[in-house]
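Working notes, beginning with the structure itself.
Both ligands and their constituent atoms are indexed starting at 1 by order of listing.
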Amino acid sequence: MKQKLFQIATFFACSMAIAQHKLPELPYAYSQLEPHIDKQTMLIHHTKHHQAYVDNLNKEALTYPDVANKTVEDICRTVNKFSVAVRNNAGGHFNHSLFWKMLTPEKKQPGKKTMELIERDFESLELFKKEFNKAARTKFGSGWAWVVLDNNKKLAITSTSNQDNPIMPIAELQGEPILALDVWEHAYYLKYQNKRTDYIDAFWNIINWDYVEELLEKSLKK
Ligand code: MN3
């Protein structure tokens with residue numbers, strides 16, 4: 001009986017720990033990013049793809065207790081200590097949580113500090129866009145394009161494969177993410193099929209520049 005109670009208690013303790021990572025709600029409706037990103041893509045991307053990263057990450061807590069104890073950001077920053085499955089799913093959870101907040105149905109303009117650093121590090125918004133688009137377009141296979149504040153506090157553009165990101169110590173170029181674009185086919189294929197370039201162009205209409213500015217200000221203080 002005691003043994004049984006212990007097993008039940010352990011089961012509940014584990015279940016509680018395992019349930020730590022949760023799918024965040026979107027700050028807008030699935031249809032609100034249309035025509036740039038369609039409702040069906042948003043729905044599947046959020047409730048199936050992102051949910052799967054969260055569920056698979058929580059399963060890893062059985063092998064790695066730290067998965068339940070740490071934030072997804074901390075896991076990414078210390079990803080060398082974990083398995084490839086943790087790396088992929090923690091990356092997936094972190095990247096998508098960030099990405100949703102970088103999008104908005106409201107038309108926004110780059111903030112003051114963002115423009116200042118874009119002009120300082122890329123000369124103009126046009127050249128900045130051009131370089132970002134190239135990183136997004138030429139990422140072979142599945143991955144992400146990023147704008148980061150690098151370790152010298154300069155803006156830099158990079159890309160990562162799969163669900164890796166620039167806060168992982170394994171990233172080629174490390175830095176604090178300011179802007180990101182998911183270029184996995186699941187992010188655009190229903191509407192754009194093979195035309196990744198059209199999806200990238202559409203992305204510029206739905207960037208939440210207020211959030212970009214907030215991330216930049218935070219990163220400058222780190
Ligand atoms: Mn995705």
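The Mn ion (ligand 1) has no N, O or S atom of H50 under 2.8 Å away, backbone or side chain. Note on H49: not counted as a metal contact of the Mn ion (ligand 1), no N/O/S atom lying under 2.8 Å.
I167 and I157 fall within the same hydrophobic cluster, defined by Ile, Leu, Val, Met, Phe, Trp and Tyr side-chain heavy atoms under 4.5 Å apart, directly or through other members.
Of all N/O/S atoms in D182, OD2 sits nearest the Mn ion (ligand 1). The Mn ion (ligand 1) sits nearest to atom NE2 when only the N, O or S atoms of H96 are considered. The Mn ion (ligand 1) is closest to atom NE2 of H186 (considering only N, O or S atoms).
Side-chain atoms of E176 and W146, non-hydrogen and from C-beta on, never get closer than 4.5 Å to each other.
Pairs engaging residues 52-81 under the ring pair (Phe, Tyr, Trp, His ring centres under 6.0 Å) rule: Y53-H96, Y64-F82 [sequence neighbours left out].
For the side-chain hydrogen bond (donor to acceptor under 3.5 Å, both in side chains) criterion with N95, the lone passing option out of D164, N165, T160 is N165.
Ion pairing of E116 with R120 is absent here, as no side-chain N (NZ or NE/NH1/NH2) approaches a carboxylate O to less than 4.0 Å.
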